[in-house]
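In what follows, a structure is listed as structure tokens, so that the remarks can point back to it.
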Amino acid sequence: MLETLIMFGIGILMVWVICKIFAWPLKILFKLVINAVMGAIVLLVINIIGSAVGFTLPITALTALLVGLLGVPGVVLIALWVLLM
């Protein structure tokens, strides 16, 4: 009986340690996904609203990569690039 309780406790401890190890990378991944989605939404909104006044941002592989990695600051960077060029 005591051996069973000890093994059960070790099992719970191992599950807790594994969850702690994988929780940190999942937090970073979740933050990156949210950042990329917000950037894509802002990019689409700018293109929808900007098309009425003649200002659109190109959606290419490079701009998708920048928005995916940087999120909203990536959209601002692309908008500044388009305005200055």
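Residues take their numbers from the sequence shown, with the count starting at 1.
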| So if you build clusters from Ile, Leu, Val, Met, Phe, Trp, Tyr with side-chain heavy-atom gaps below 4.5 Å, do Val82 and Leu44 land together? | yes
| said: Once side chain to side chain donor-acceptor pair (under 3.5 Å) is applied, what residue pairs with a partner in residues 47-66 remain, sequence neighbours excluded? | reply: Thr60-Thr63
| field | Transitive ILVMFWY side-chain link Ile41 to Leu57, under 4.5 Å | value | no
Please tabulate, one pair per line, all N/O donor-acceptor pairs under 3.5 Å involving side-chain atoms of residues 65-80, not counting sequence neighbours.
none

| request: For Leu32, check side chain to side chain contact (heavy atoms under 4.5 Å, CB included) against everything at least two apart and list the hits. | output: Ile28
| said: If hydrophobic residues (ILVMFWY) are linked whenever their side-chain heavy atoms come closer than 4.5 Å, directly or via other members, who joins Met85 in its cluster? | reply: Trp81
| request: Verify the cluster assignment for Leu83 and Ile59: are they in a single hydrophobic cluster under the rule of side-chain heavy atoms below 4.5 Å apart? | output: yes
| message | Connecting only ILVMFWY residues whose side-chain heavy atoms lie within less than 4.5 Å of each other, what is the rest of Ile48's hydrophobic cluster? | response | none
